[in-house]
Amino acid sequence: MIDINIKLETLNDVKEFCSILSGYSFDAQISSGNDTVNAKSLIGIFTLDLKGKTVLSVDTQNLLDLPERIYKYMA
């Protein structure tokens with residue numbers, strides 16, 4: 001499992017971020033506070049408080065090109 005701190009500030013950020021992650025076969029979760037949701041689920045992400053510390057956890061050791069594609073969301 002690899003953890004990456006992220007920041008999603010706008011509706012478009014969430015849409016684009018979710019779309020990017022949906023293109024990968026590995027599992028991904030987003031945690032904020034005590035809540036964790038599927039990072040590929042728009043509805044799930046919208047249930048989180050994204051103003052606090054938000055962490056993306058991916059279940060792989062091979063991130064492929066993911067860091068380059070989500071660079072602007074890294075905190």
Side-chain angles (χ1 to χ4, degrees):
M1 189 73 74
I2 297 172
D3 294 336
I4 303 168
N5 291 328
I6 59 167
K7 185 74 171 172
L8 301 171
E9 297 179 336
T10 68
L11 174 65
N12 285 333
D13 287 350
V14 174
K15 286 181 183 178
E16 185 176 331
F17 186 80
C18 186
S19 177
I20 290 168
L21 286 175
S22 293
Y24 294 92
S25 62
F26 49 76
D27 290 333
Q29 297 81 33
I30 292 182
S31 300
S32 178
N34 293 326
D35 299 320
T36 300
V37 298
N38 182 342
K40 298 177 183 180
S41 168
L42 276 173
I43 294 171
I45 294 173
F46 285 129
T47 66
L48 296 175
D49 176 12
L50 298 175
K51 294 180 182 168
K53 180 179 179 185
T54 308
V55 179
L56 169 68
S57 300
V58 291
D59 191 14
T60 185
Q61 293 301 317
N62 184 2
L63 292 176
L64 304 170
D65 64 344
L66 180 63
E68 296 156 8
R69 296 188 66 204
I70 65 167
Y71 180 78
K72 67 181 180 180
Y73 305 114
M74 291 180 174

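Throughout, residue positions are numbered sequentially from 1 according to the sequence presented. Computed from a prediction, not measured in an experiment: that's the story for all the values here.
Residues Val14 and Leu42 meet the side-chain proximity criterion, which asks for heavy atoms closer than 4.5 Å. Counting heavy atoms from C-beta on, the side chains of Asp49 and Thr54 never come closer than 4.5 Å. Looking at heavy atoms from C-beta onward, Leu66 lies in side-chain contact with Phe26 at the 4.5 angstrom threshold. Considering only heavy atoms from C-beta on, Ile2 stays 4.5 Å or farther from Ser57 through its side chain. Using a 4.5 Å cut-off on side-chain heavy atoms (C-beta onward), Val37 and Thr47 make contact. Residues Asp3 and Leu56 have side chains not in contact (no heavy-atom distance under 4.5 Å, counting atoms from C-beta outward). Residues Leu63 and Val58 are in side-chain contact: their nearest non-hydrogen atoms beyond the backbone lie under 4.5 Å apart. Between Lys53 and Ser31, the closest side-chain pair of non-hydrogen atoms is not below 4.5 Å.
Within the model, atoms CZ of Phe46 and NZ of Lys15 stand 7.0 Å from one another, a figure rounded to the nearest 0.5 Å. With rounding to the nearest 0.5 angstrom, the CD1 atom of Ile20 is 9.5 Å from the CG atom of Asp65. Rounding to the nearest 0.5 Å places OH of Tyr73 at 10.0 Å from CG of Leu21.
By the criterion of side-chain heavy atoms lying less than 4.5 angstrom apart, applied directly or through intervening Ile, Leu, Val, Met, Phe, Trp or Tyr residues, Met1 is not grouped with Val55; the two fall into different hydrophobic clusters. Leu8 is connected to Tyr71 through a chain of hydrophobic side-chain contacts under 4.5 Å among Ile, Leu, Val, Met, Phe, Trp and Tyr, so both are in one cluster.
Lys40 places a side-chain N or O within donor-acceptor distance of the main-chain N or O of Tyr24, the cut-off being under 3.5 Å.
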message = I'd like to know whether Ile4 forms a side chain to side chain contact (heavy atoms under 4.5 Å, CB included) with Met74, so could you lay out the CA-CA distance, the side-chain angles of the two residues, the decisive distance to 0.1 Å, and finally the verdict.
response = CA-CA 7 Å; Ile4 303 168; Met74 291 180 174; 3.9 Å; yes
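Around CG of Leu11, the count of heavy atoms belonging to other residues, nucleotides or ligands within 6.0 Å exceeds 12.
By the 4.0 Å N-to-carboxylate-O rule, Glu16 lies too far from Arg69 to be salt-bridged with it.
Taking both residues in full, the closest heavy atoms of Gly44 and Ser41 are given as N-OG, 2.9 Å, listed atom of the first, atom of the second, then distance.
Checked options Ile30, Asp13, Leu50; the residue passing with Ile6 is Ile30 (criterion: side-chain contact (heavy atoms from CB on, under 4.5 Å)).
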